[in-house]
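Below: the structure, in structure tokens.
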Amino acid sequence: RPLPSILIGSLMTIGGQQLGENRGTVRLIVNGSPVPLEIVEWSAGGAKVRIPADLPPGIQAQIEILRADGSVVAKDQVQLAAGQKVAAAN
């Protein structure tokens, strides 16, 4: 089955998980290095994170979601996909 795609430079919603009331951590493991994601919203049942715009498209990465106490909620393989190109205004 194909890997889920994550759009570089986008906001991603994480739902259906028991995350806990206190803000945890969401990160991507890209080429073996952890990349922390900016958490825009966090609640016990879901979160919204910003995917950095400077990640390399077309490679596989692992997303890791951790509760505030460090326990792992989920680890999933994903594919990084190029976002919309924004034309520079001249």
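Both backbone and side-chain heavy atoms feed into the values below; hydrogens, waters and symmetry mates do not. Since this is a predicted model, take the numbers as computed values, not measurements.
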Taking the side chain as everything from C-beta on, heavy atoms only, tell me whether L37 gets closer than 4.5 Å to M12.
no
Can you confirm whether S43 sits close enough to L19 that some side-chain heavy atom of one is under 4.5 Å from a side-chain heavy atom of the other?
no
Which pair of non-hydrogen atoms, one from A81 and one from P57, has the smallest distance, and what is that distance?
C-CB, 4.3 Å
Smallest heavy-atom separation, A61 atom then Q77 atom, equals O-OE1, 3.3 Å
How about P52 and V35: do any of their side-chain heavy atoms sit closer than 4.5 Å?
yes
Would you compute the distance between atom CG of L80 and atom CG of L55 and round it to the nearest 0.5 angstrom?
5.5 Å
Does atom CG (N22) have a neighbourhood of more than 12 heavy atoms from anything else shown, all under 6.0 Å?
no
Going only through I, L, V, M, F, W and Y residues with side-chain contacts under 4.5 Å, is there a path from I63 to L3?
no
Supply the atom-to-atom distance D76 CG to I14 CD1, rounded to the nearest 0.5 angstrom.
10.0 Å
Nearest 0.5 Å, what's the CD-CG distance between Q62 and L28?
9.5 Å
From T25 OG1 over to I39 CD1, what is the distance, rounded to the nearest 0.5 angstrom?
6.0 Å
Quick one: name the residues clustered hydrophobically with L66, using the 4.5 Å side-chain heavy-atom rule over I, L, V, M, F, W, Y, and just say none if it's on its own.
V72
Which heavy atom of W42 sits nearest a heavy atom of A47, and at what distance?
CE3-CB, 3.7 Å
Kindly indicate whether the side chain of P34, heavy atoms from C-beta on, has any atom under 4.5 Å from the side chain of I29.
yes
Looking at residues at least two apart in the chain, or sitting in another chain, which of them share a side-chain hydrogen bond (donor to acceptor under 3.5 Å, both in side chains) with E38?
R50
With a 4.5 Å limit on heavy-atom distance, are the side chains of V26 and I65 in contact?
yes
For the CG atom of L7 and the CD atom of Q79, what is their distance to the nearest 0.5 Å?
12.0 Å
